[in-house]
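In what follows, chains carry the letters A, B, and so on, assigned in the order in which the sequence lines appear, proteins first and then strands, with residues in each chain numbered from 1.
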Amino acid sequence: MKVAVVGCGTMGTVHGTDYHRMPGVELTGVCDLDRETARDLAGHLQTKAYFSFEDMMAEAEIDAVSIALPTNLHKEYVMKAADLGKHVICEKPIALTLEDAEEMIAYCQKKGVRLFIGHVVRFFPEYADLKRKLDAGVTGEPGVAHLKRVGSHPGTVKDWYNDFDKSHGVIMDMMIHDIDFARWAYGEVQEVFALNRRSEEQDYALVTLRFAGGAIANLEGHWGYPGAFATAAEFAGKAGIIRLNSRETDSLKLLRNSAAPAGVRGVQVPKSPSYQDPYYYELEHFLACIREGKEPLVSAEDALRALEIVLAALESARTGQPVRLPLKGGAKG
Amino acid sequence: MRKLKIGMISFAHGHAFSYFNALNALPEVEVAGIVDEDKNRVAKITDTYGIPYYSEADELLRTGIDAVVICSENSRHAEFTIAAAKAGKHVLCEKPLGISTAEMEQMIAVCRDHGVQLMTAFPCRYIPAVVQAKEAIDRGEIGEITAIKGTNRGSMPGGWFVDKKLSGGGAVFDHTVHVMDLMRWFLGSDVREVFAYADTRFHELDIDDAGMVHVRFENGVFAVLDPSWSRSKSFPTWGDVTMEITGTKGIISIDSFAQKNEVFSDVTGKAQWSYWGDNMDEYMIRGFVDALLGGKPVPVTGEDGLKAAAVGLAAYESAQAGKPVVLD
C-alpha cells in the first residue's frame, strides 16, 4: 500500500511517522506549502518532500492519502483526492458544516473512494477497554457519564486554531473526540445544552448530551488549561461504574536529580509508554479496511453525527437554550 | 464557664448522630434534651449519656435550652424551626432548609421576628480543601472565576429520602444544595438561571436519582453540577464532593474526600476507601456554637439555605419545562 501525507504539521507528522514504520506500507511523499516543514519531515521519514498537492499527486505513486490540514481546508482536498481516485484518511473534524460533510461523503461515494475520519479516541486502549466493558454489560443500563479533555491552547503554537472561522474552537476541535466516544458508548443524542467561554488565552466548554435512551453525559473541554494534557471519563450505570483517568495511569516516572545531564534539572517526566501509539492502530485499521473492503470502527457517517452534535452545542452556547437533534436543514438520514 | 444548652429535634436524618457526637465532645455544650418520635432510635444515646428524652418537640422547647439542632425529614423542618423560634431558641437546621420557597421565607422571617439565629447545616463549608480554596480564590490566585464544574454524587439513601412528600425531591434536590452553596460562597453571586435534567436511571424508584444541573450566576459565571445517586453498591465509598474551578489565571481542583486509604478486604468483599481527613461536621458544629456563645452572626444563614434550595426547586421546574428557568 502506497500512502502520502498532505500537511506536515503536528498531525501530518504523526501520520507520516506511523506510515513510515508500518510493515507493508510505503510512504511515497509528504507535502506542505512551507518548504522547510516539508523538507524536515521528508528527511526524517526518508521520503520525498513536495511543496504542492498537485505536484505530489501527479508524481508520486499513491493508493491512499492522509489529509492533515486545518479543518476549513478538509473539503477541498478530500474532493481533490477523490477526483484522482485516491482513498482518503482525513483528520477530524470532518468539516465545519453539515453541508460540507455530507457533500464530502457523497462525493467520495460517487468517485468510488473510501473516506475515513480520524476519530482516534476509539483506538486509545483505555477507551477501547472502557467500551468493551460497557458492551459486556458490567455497568448495566446507561445512567450518567462524564468526559474530560484539557490541555494547553493550540493557538499559541498554530495561529489557525485561534481563528474561530477556521477551527470553531475547543468544542469542534477537541471535545469532538469525547462527543464521538460518548455517542459510540451511549447511542444517539437527542438534545444538547452547552456553556462556553472564549478568550484569547482560553476556550472552556461544558456540554451536556441527553441521549435518546435517556442517559445523560457532561463533557468538559479546555484549551488553555495550566497543567499537562489530561483526559478522564466516567460511565455510571445501573449496575456499576467504570472510569479512566490519564493522570492515574503513568506506568513510568523518571526523576532526575541535580547531577543530571546539562540542560535538564530536577524535572519529572511521567509517562504511560506503549509499543504503538493509538494513531498507529487507527491508520493500520483504516488501511486494512481499504485492503479488505471492510467497514471501519468509525465511519464517515459517525464523523458527520459528531459534527452535528458539535454544531448543536455551539448553537446552544450562543442562544442559551437546549438544542434538539437532528438539526434542521442538514444531516439527512 | 457558661454552658450552651442545646436540644436535638429528630434523628430521622442520620447526620444527627454525627452532630450529636460533635456537640457532645464540646466542653462548652450540654446536650440538654432529645426529641424523636422513635424512642428506640435514640435510646442508646439518651441512656448512655443520661440525656432527657421527649416524644414531642413542644416538651423540649418549654425547657431552658438555648438552641436546637433539627434533623427531621425535610418536610418537617419548617414546622420545627418555627416552633423553636417562637419559643426563643436558636436553630441549626439540616439541609435542605425546606421544601418550598414560601416555607423557607417564613422560617427566616419568624426567626428574625423572634430574635433568634437560623443556621443552615452546610458542613461542606468546613472541608479543609474547600476552606483553603476559598482563601486562594479571595487572594486572586486564579484571577476571575469563569466556570465551575462540580459533582456531589452519592449512594441512594432510601427510607424517607425517596418519598417526595417527606423529602421534597430526590437526588437533584438532596445533592444540589451543598455544592450550590459552595459555588455561591466562592463567587459572592446568586444564581440567575437554571437549566436541568432530572430522571430516574439507577434504581427502581418513583423519584429522581439522576440529573445534571446547569446554572448561570448574576455575575456571568456558569457552572454545572452532577447531583446523581449514581454510586453503585460496589463503589469503594459513599460518594464525592468535587469542584473544578476555572479562572482567568489558573485552576483550582477540589476532591474533598481524597484523603483516604485504600482497603482491600476479603471480609467486606469489595475495595473500600477509608477517609482519614478532618471531620467537617465537628467544625460546622463548633462554628454554630462559637457564634451563639460569642453573640455573633451564625456563619451560614437561613438565606444561604433558601438560595441553595431554590436552585434545586428551579431545577425540577426546568426539567419539567425542558428549558431554562429564571429565578426571581
Can you tell me if A:Gln202 uses its side chain to pair, donor with acceptor, with the backbone of B:Gly247 under 3.5 Å? yes

Applying a strict 4.5 Å limit to non-hydrogen atoms, the region of B:Thr146 in contact with chain A is both

CZ (B:Phe235) and CD1 (A:Ile241) are apart, to the nearest 0.5 Å, by 5.0 Å

Around B:Glu218, counting heavy atoms of other residues, nucleotides and ligands shown, do more than 12 lie under 6.0 Å from its CD? yes

Is it the case that the side chains of B:Lys149 and A:His146 hold a donor-acceptor pair, with the cut-off being a distance below 3.5 Å and no angle test? yes

Nearest heavy-atom neighbours spanning A:Thr208 and B:Met212: OG1-CG, 3.7 Å

Tell me, for B:Ile148 versus chain A, whether the close heavy atoms (under 4.5 Å) come from the side chain, the backbone, both or neither. backbone

Most contact-rich option vs chain A, by heavy-atom pairs under 4.5 angstrom, among B:Lys233, B:Arg216, B:Lys249, B:His203, is B:Arg216

Salt-bridge test for B:Arg231 and A:Glu234: reply yes if a basic N is under 4.0 Å from a carboxylate O, no otherwise. yes

Under the side-chain contact (heavy atoms from CB on, under 4.5 Å) rule, what do A:Arg197 and B:Val221 come out as? Steps first, then yes or no, please. CA-CA 9 Å; A:Arg197 176 73 53 84; B:Val221 171; 5.6 Å; no

Show the nearest heavy-atom pair for residues B:Phe202 and A:Ala236, with the distance to one decimal. CE2-O, 3.3 Å

How far apart are the closest heavy atoms of B:Ala147 and A:Tyr204, and which atoms are they? CB-CE2, 3.3 Å

How about CD on A:Gln321, more than 12 heavy atoms from neighbouring residues, nucleotides or ligands closer than 6.0 Å, or not? yes

Chain B: which of A:Glu141, A:Lys238, A:Glu191 shares the most heavy-atom pairs with it under 4.5 Å? A:Lys238

Other residues, nucleotides and ligands only: do more than 12 of their heavy atoms fall within 6.0 Å of NZ on B:Lys270? yes

Residue A:Leu195 versus chain B: region with a heavy atom under 4.5 Å: both

Is it true that, when you exclude A:Asp159 itself, more than 12 heavy atoms of the residues, nucleotides or ligands shown sit nearer than 6.0 Å to its CG? no

Using 4.0 Å as the upper bound for N to carboxylate O, is an ion pair formed by B:Asp199 and A:Arg210? yes

Is the backbone N or O of A:Pro142 less than 3.5 Å from a side-chain atom of B:Arg201, with the two atoms forming a donor-acceptor pair by type? yes

Can you tell me which of B:Gly211, B:Ala223, B:Ala210, B:Pro324 forms the most heavy-atom pairs within a distance under 4.5 Å of chain A? B:Pro324

Identify which part of A:Glu200 has an atom lying under 4.5 Å from any heavy atom of chain B, answering side chain, backbone, both or neither. neither

Heavy-atom cut-off 4.5 Å, strictly under: side chain, backbone, both or neither for A:Arg243 against chain B? side chain

Can you tell if the side chain of B:His214 reaches within under 4.5 Å of the side chain of A:Leu206, non-hydrogen atoms only? no

Counting only heavy atoms from other residues, nucleotides and ligands, does the tally under 6.0 Å from NZ of A:Lys131 exceed 12? yes

With a 6.0 Å cut-off (strictly less than), is the heavy-atom count around CG of B:Asn261, excluding the residue itself, greater than 12? yes

Under a 4.5 Å heavy-atom cut-off, does chain A meet the side chain of B:Ser230, its backbone, both or neither? both

Contact class of A:Glu201 relative to chain B, heavy atoms under 4.5 angstrom: neither

Note: A:Val144 and B:Ser228 closest approach over all heavy atoms is CG2-OG, 3.5 Å

